Amino acid sequence: MPVVERVPSVARAADIGIVHLGLGAFHRAHQAVYLQRHLNRHGASPWGVCSANLRSNRTLVEQLREQQCRYTVAEYRDREQVTLRDIRVMREALYVGDGGEELQQLLQRMADPRTRIVTLTVTEKGYCLNPATGQLRLQDPAIVHDLAHPQTPRTAPGIVLEALRRRHAAGIPAFTVLCCDNMPDNGQRTRQAVMGLEEQGSELAQWIEQQVAFPGCMVDRIVPAMDAQAFIGLQQLGCQDPAAVVCESFSQWVIEDHFPQGRPDWEVEGVQMVADVRPFETMKLRMLNGSHSLLAYIGLLAGHETVFDAIGDPDLLRFIQCYMGEEAAPTLSMPVGIDIAGYARDLCARFANDSLQHRLRQIAMDGSQKLPQRWLQGAQQLLDAGRDIDCIALGIAAWIRYCTQPLPHVVEDPLNAVFADLAGSLEGAQRVDGFLDLQQVFAAELSARPAFRDAVHRAYSAVEHTGMAGHLKNFAAHN
Ligand code: CS2
């Protein structure tokens with residue numbers, strides 16, 4: 001049995017100052033923990049949270065309400081040490097997936113002058129942007145809906161815009177919008193999504209342009225989706241909480257310090273407040289998330305199930321070390337004092353945390369939304385510098401294979417119907433070309449480069465001939 005440390009909460013938040021969109025496991029285990037620590041330190045705080053679930057999981061909202069929005073975060077340092085944190089900073093939980101009364105409650109809450117920050121974790125696809133270009137997808141049915149019915153929005157950008165419209169109309173200062181999703185330039189992308197829904201040059205558009213801050217931030221904590229096994233583990237520690245989440249003990253948050261309406265003194269809780277978050281964000285996206293996606297597609301094809309299994313495969317570990325050292329690190333320009341090699345070593349140690357069941361299938365989800373920022377922007381830079389992209393090319397080949405595997409395997413991705421068409425109509429090299437022509441994923445500039453296409457074709461046929469495990473063995477023997 002592990003040693004369990006319990007961290008009680010000393011108080012409940014006095015008021016709601018933050019509205020969060022996307023009540024998932026990540027939000028509960030990351031942002032809420034920082035806010036709870038802030039609350040514990042101060043004993044009272046106006047920075048309580050109203051958290052809303054936009055799509056799935058009404059049950060979670062109901063469970064949270066039954067327990068006054070109080071829940072447990074279990075931080076597993078390893079199999080030996082666990083910290084159970086009591087979280088009470090959430091004051092309100094809403095389910096707005098059906099567009100009913102609770103949506104209006106949420107909009108009211110967002111329009112309330114006491115709400116000074118709106119945070120989001122709605123995953124990459126929740127912004128309805130073209131992943132390759134960052135432009136709002138105006139053909140997306142949910143966006144078409146929000147353009148036609150702005151007062152009953154379905155999308156996160158639509159909800160933010162409607163709340164801002166109400167504040168503008170009522171003469172209430174704007175809230176700050178803090179995107180906490182793994183996207184490049186996530187503040188600017190969120191601004192683009194919100195502004196894309198409003199008529200250019202309108203009074204509201206100008207007000208948003210001048211008054212609303214969209215600071216960028218980098219978030220980091222490994223939080224696997226809860227499953228039966230995670231709940232059994234918690235029960236063994238005496239924790240019966242149906243709204244609990246498990247995560248690693250590591251946590252990082254780097255935020256651009258631009259909050260015109262004020263903010264909690266997060267820096268006291270270990271948050272890094274910076275002027276420009278982009279170097280940190282790019283480092284995390286390419287080193288951590290880029291490696292995660294490689295482990296997911298390559299690892300699944302090599303027969304692994306979790307991140308821990310995959311990184312425990314010496315050939316795959318070698319491959320990931322090469323990717324980080326040769327294809328991710330050279331594309332980064334970091335502020336003085338950041339040790340990228342040390343960061344890479346720490347990441348491998350975090351991936352090897354055997355107390356978390358982080359399923360590769362969870363990471364493999366929504367690849368079309370993740371690949372541009374995790375691998376492709378870096379690949380472009382590497383090719384510009386005349387460098388090889390063998391690791392990224394193998395990742396893309398594995399992704400194509402993963403997306404076209406026969407049923408009953410289910411690919412969860414907004415483009416899964418497109419993948420099924422490509423799989424049904426094309427084979428071999430033509431199928432690879434069909435994927436590389438997907439403009440939502442591959443920027444035209446990249447997919448037009450012969451060196452890029454050749455590398456992916458080579459990797460794809462190598463895997464066809466030797467199988468993934470055999471190919472990794474060859475790779476490790478030569479690197
Ligand atoms: C993962 C991330 O599911 C995924 O795609 O790469 O959720 C990852 O665990 C977090 O970004 C870690 O901070």
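Residue numbers run from 1 in the order of the sequence given. Just follow the structure's listing: the first ligand is 1, and inside any ligand the first atom is 1. As the structure is a prediction and not an experimental result, all values here were calculated from the model.
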Exercise: do N40 and Q36 side chains pair donor with acceptor under 3.5 Å: yes
Whether H358 and H292 hold their rings parallel, tilted or perpendicular, with breakpoints at 30° and 60°: perpendicular
Ring centroid separation H471 to F475 under 6.0 Å: no
When you check ligand 1 against the protein, what N or O pairs turn up below 3.5 Å? List the atom names and distances, or just say none.
{"unit_1": "ligand 1", "atom_1": "5 (O)", "unit_2": "K370", "atom_2": "NZ", "d": "2.9"}
{"unit_1": "ligand 1", "atom_1": "5 (O)", "unit_2": "R374", "atom_2": "NH1", "d": "3.1"}
{"unit_1": "ligand 1", "atom_1": "5 (O)", "unit_2": "R374", "atom_2": "NH2", "d": "2.9"}
{"unit_1": "ligand 1", "atom_1": "6 (O)", "unit_2": "N289", "atom_2": "ND2", "d": "3.1"}
{"unit_1": "ligand 1", "atom_1": "6 (O)", "unit_2": "H292", "atom_2": "ND1", "d": "2.8"}
{"unit_1": "ligand 1", "atom_1": "6 (O)", "unit_2": "R374", "atom_2": "NH1", "d": "3.3"}
{"unit_1": "ligand 1", "atom_1": "11 (O)", "unit_2": "N182", "atom_2": "ND2", "d": "2.9"}
{"unit_1": "ligand 1", "atom_1": "11 (O)", "unit_2": "K284", "atom_2": "NZ", "d": "2.6"}
{"unit_1": "ligand 1", "atom_1": "11 (O)", "unit_2": "N289", "atom_2": "ND2", "d": "3.0"}
{"unit_1": "ligand 1", "atom_1": "13 (O)", "unit_2": "D220", "atom_2": "OD1", "d": "2.6"}
{"unit_1": "ligand 1", "atom_1": "13 (O)", "unit_2": "R221", "atom_2": "N", "d": "3.0"}
{"unit_1": "ligand 1", "atom_1": "13 (O)", "unit_2": "R221", "atom_2": "O", "d": "3.3"}
{"unit_1": "ligand 1", "atom_1": "13 (O)", "unit_2": "K284", "atom_2": "NZ", "d": "3.1"}

Close aromatic pair by centroid cut-off 6.0 Å: F419 and F435: yes
Option among L317, T306, L288 that satisfies the side-chain contact (heavy atoms from CB on, under 4.5 Å) test with F351: L288
Plane angle bin for H20 and H27 - parallel if under 30°, tilted between 30 and 60°, otherwise perpendicular: parallel
